[in-house]
Structures are given as structure tokens and as C-alpha cells.
Amino acid sequence: MSADGKPWLQAHWDGHVAVNFLTGGSGSGLLVIAGLAALAGQPLALASWIGLLLVAGGLAQVSLHLGRPVRGWRALTNLRTSWMTREAYAAAALMPCALLAALTDSPLAGMPAALAAAAFLYCQARILKESRGIPAWREPRIVPLIVLTGLAEGAAIYLLILLPGAHTFAVLVVGAVLLAVLAARYVAWKQYRTALHGRAPRASEEVLERAEGPFTGAGHVAPVLLLLVAAGVPQAQGILATLAAATVLLAGWGVKFAIVTRAGYNQGFAIDHTPSRGSGTGGVGSKPGW
């Protein structure tokens, strides 16, 4: 806590919590993409296994963050008001649905898994948005940014799954989907940054400024160029698409880790006037400097 009321970096959500946003977002995004692709006859089992493991791994990391694990059951009692509770229920639906999809490789099983995964991903985005004391999290435009980042990561992982044995046309279709999601994610990122300007502590904005170059360059420009070249050079399609998918995934993880662990400065606090003893009126107040 800052004695002078200036914003300070929150310390409650650490790397363990951030991993849930990283792998949980990627895994749920993958299950959504895989469920939709299964309707077009694409394989579902491997993507479902990977998505299930990524989500479970993220939730396992969150469990390490619990100060008193024996009281963890209380997180299930606030369904009406808590997005963390809703995330837990979405995960409870996602796990068996994804497991069934992995075991049966059936499009009919893939759709419930995709719907539960979409709910889980949306809950993650709303968890950040409802953190009222953190300006960089409570900005409403963080919701589409987190959702689209998860979908982009999921499409990137699904592309990596398809590359070894899929028909070229399927790879091109998934690549086109990834390009569309990347375009939407870039717009969401710019809108988030614009909306946040002047409404968050300067320290938070500096973190996002440092993330701007890598996220835009490695997360958008590079994969778009690689995918476009891959579409025109079939001989190098595998390596180019692999590089594109890897950059999308790593850039998405990087920016989410930065938002959760390094941009999470609270808003500080203000004092209208300094109290005084006796009949004095008190001194001047203070406001946190952003």
C-alpha cells in the first residue's frame, strides 16, 4: 500500500493466476474452434484432449494460489454475483463435455464442449472487467480483447494440429479464420488502449506501451505476412504456418501476462481534506498522481 495515496501494483493475482488466463484462454478458444471445425468434418479428438489439458492446467495453477484451500468450496456459492463462480461452473460443464468429445471424436459431442468453452472464456474476460479497483482491468473493452485473444490462440493451436496430415484446403481455411480473428483482435487491442488512455495510472499505461510493439509486430503483422506467403508457396506452407501460429500464441500469452501481473495498478485513493483536532477546518486534501 502507498502511504501517499498513489497507485500501487496489486499483489494478490500473481503468476499462478495469470497462467489460468494464458492456458485457460487458449484451451477454451481451441475447443470452440475445434467444435466448429468438426461440423465441417475435421478431426476433433486430439484438439479436445489438448484443450481439456490446457484448461485443467490453468485451473490447477489457480488452486495453488488459494491461501486456504479448504475454504475453496465457498467460491461455488456466489453464482448470482461472482464471475469467478460462473467460471467454475462453466469449467464443471466444460470438463466432461470435452472429455466426451475427445473419446468419441463426434461433432455432436464437440458442440456442447464448444459452448461450455465459450462460456468459460467469456467468464474469464468478465472476471477482469469486474475488478473495479484496477483501471486497466475494469475498462469494458478488455472483454472483447480477452475473448478474441483466446480465440486467436485456439485457432493457432488448431492450425498446428492440422498441419502434419490435413489437406491443404483445410489448412487454408483455418488460416483464413485465424487471419479474420487476428484482424478483430487488433481492432479490439487498439480500442482498449484508446479507451484506457488517461483513465489508468501512468504506470499501467507504460506497461501496455512496452507491450505494444511485440504484440502488434509478433502477434499480428508477422503472422499475417507469414500466412499470406504460405498461401502462395505450398512448398513452404508447413514451416511458415507453424511460425505464424507460434507467434500468435506467444504474443497472446505475453500480453495477457503483462495485463494481469504488471499493469494491475489500482487507482490509489484521494482525501478531500486533511482532518485536524479541535475546531480547525483541516488542511488541503490529496489526490493520487496518475
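Positions are given from 1, in the same order as the sequence printed here.
Note: the hydrophobic cluster containing Ile134 also contains Val255 (ILVMFWY, side chain heavy atoms under 4.5 Å, direct or indirect links). One hydrophobic cluster, built from ILVMFWY side chains closer than 4.5 Å, cannot hold both Ile157 and Val55; they sit in different ones. No single ILVMFWY cluster, assembled from side-chain heavy atoms under 4.5 Å apart, contains both Leu148 and Tyr186. In the hydrophobic clustering of this structure, Leu159 groups with Leu46; members are Ile, Leu, Val, Met, Phe, Trp, Tyr whose side-chain heavy atoms approach within less than 4.5 Å, directly or through other members. Linking Ile, Leu, Val, Met, Phe, Trp and Tyr whenever their side-chain heavy atoms come within less than 4.5 Å leaves Val173 and Tyr158 in two separate clusters.
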Exercise for review: List the steps and the verdict of side chain to side chain contact (heavy atoms under 4.5 Å, CB included) for Met111 and Leu39.
Suggested key: CA-CA 8 Å; Met111 284 313 298; Leu39 296 177; 3.6 Å; yes

Practice item. Determine, step by step, whether Gln267 and Arg199 satisfy the side-chain hydrogen bond (donor to acceptor under 3.5 Å, both in side chains) criterion, reporting the C-alpha distance in whole Å, the side-chain angles of both residues, the deciding distance to 0.1 Å, and the verdict. Key: CA-CA 9 Å; Gln267 63 188 17; Arg199 300 175 61 185; over 6 Å; no

Check your understanding: What's the verdict on side chain to side chain contact (heavy atoms under 4.5 Å, CB included) for Leu151 and Leu121, showing C-alpha distance, side-chain angles and the deciding distance?
Key -> CA-CA 9 Å; Leu151 291 176; Leu121 182 56; 4.2 Å; yes

Review point. Going through the checks in order, is the side chain to side chain contact (heavy atoms under 4.5 Å, CB included) test met by Val17 and Phe21?
Key: CA-CA 7 Å; Val17 176; Phe21 286 96; 3.8 Å; yes

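Salt bridge Lys190/Glu212: present, at least one basic N to carboxylate O contact under 4.0 Å. A salt bridge links Glu209 with Arg202; the closest basic N to acidic carboxylate O contact falls under 4.0 Å. Classification of Glu153 and Lys256 as a salt-bridged pair holds, one side-chain N sitting under 4.0 Å from a carboxylate O.
Pro135 is not listed as a side-chain neighbour of Ser204, based on a closest heavy-atom distance of 4.5 Å or more. The shortest distance between side-chain heavy atoms of Phe169 and Val174 does not fall below 4.5 Å. Put simply, the side chain of Trp83 does not reach to within 4.5 Å of the side chain of Glu87, judged on heavy atoms. Between Trp253 and Thr149 the shortest side-chain heavy-atom distance does not fall below 4.5 Å. Between Leu36 and Gln42, the closest side-chain pair of non-hydrogen atoms is not below 4.5 Å. Side-chain contact between Leu208 and Phe215: absent, with no pair of heavy atoms (C-beta onward) separated by less than 4.5 Å. Inter-residue side-chain proximity for Leu163 and Thr242 is flagged as met; some heavy-atom pair is nearer than 4.5 Å. When side chains are defined from C-beta on, Gln61 does not count as touching Asn20, because their heavy atoms never get closer than 4.5 Å.
Atom CG in Leu182 sits 4.5 Å away from atom CG in Leu178 (nearest 0.5 Å). Between the CG atom in Leu100 and the CG atom in Asp105 there is a gap of 11.0 Å [rounded to 0.5 Å]. Atoms NE2 and CG, on His220 and Leu179 in that order, are 11.0 Å from each other to the nearest 0.5 Å. We find the CG-SG distance between Leu31 and Cys97 to be 10.0 Å, quoted to the nearest 0.5 Å. A distance of 7.0 Å separates CD1 in Ile127 from OG in Ser82, rounded to the nearest 0.5 Å. Taking CG of Leu227 as the reference point, atom CG of Leu240 lies at 8.5 Å (rounded to 0.5 Å).
Side chain of Ser63 to backbone of Ala60: a donor-acceptor contact under 3.5 angstrom is found. A donor-acceptor pair is defined here as one N or O able to donate and one able to accept, closer than 3.5 Å; no such pair exists between the side chain of Arg193 and the backbone of Ala188. Remark: side-chain polar atoms of Thr247 are paired, donor with acceptor, to backbone N or O of Ala244 under 3.5 angstrom. Although no hydrogens or angles enter the test, the distance criterion places a donor-acceptor pair under 3.5 Å between the side chain of Tyr192 and the main chain of Ala136. When atom types are taken as modelled, the side chain of Thr23 and the backbone of Gly58 share a donor-acceptor pair closer than 3.5 angstrom.
In this model, no donor atom of one side chain and acceptor atom of the other lie less than 3.5 Å apart for Trp137 and Glu130. There is no side-chain donor-acceptor pair under 3.5 Å between Trp13 and Ser131.
Shortest non-hydrogen contact noted between Ala258 and Val207 is O-CG1, 4.0 Å. Closest non-hydrogen pair, Ala170 versus Leu162, comes out as O-CD1, 4.1 Å. Looking at every heavy atom in both residues, Asn266 comes nearest to Pro7 through O-CB, 2.9 Å. Pro223 approaches Ala218 most closely through the heavy-atom pair CD-O, 3.2 Å. Closest approach of Ala152 and Val248 over heavy atoms only: O-CG1, 3.7 Å. Contact detail for Ser106 and Leu44: the closest heavy-atom pair is O-CD2, 3.1 Å.
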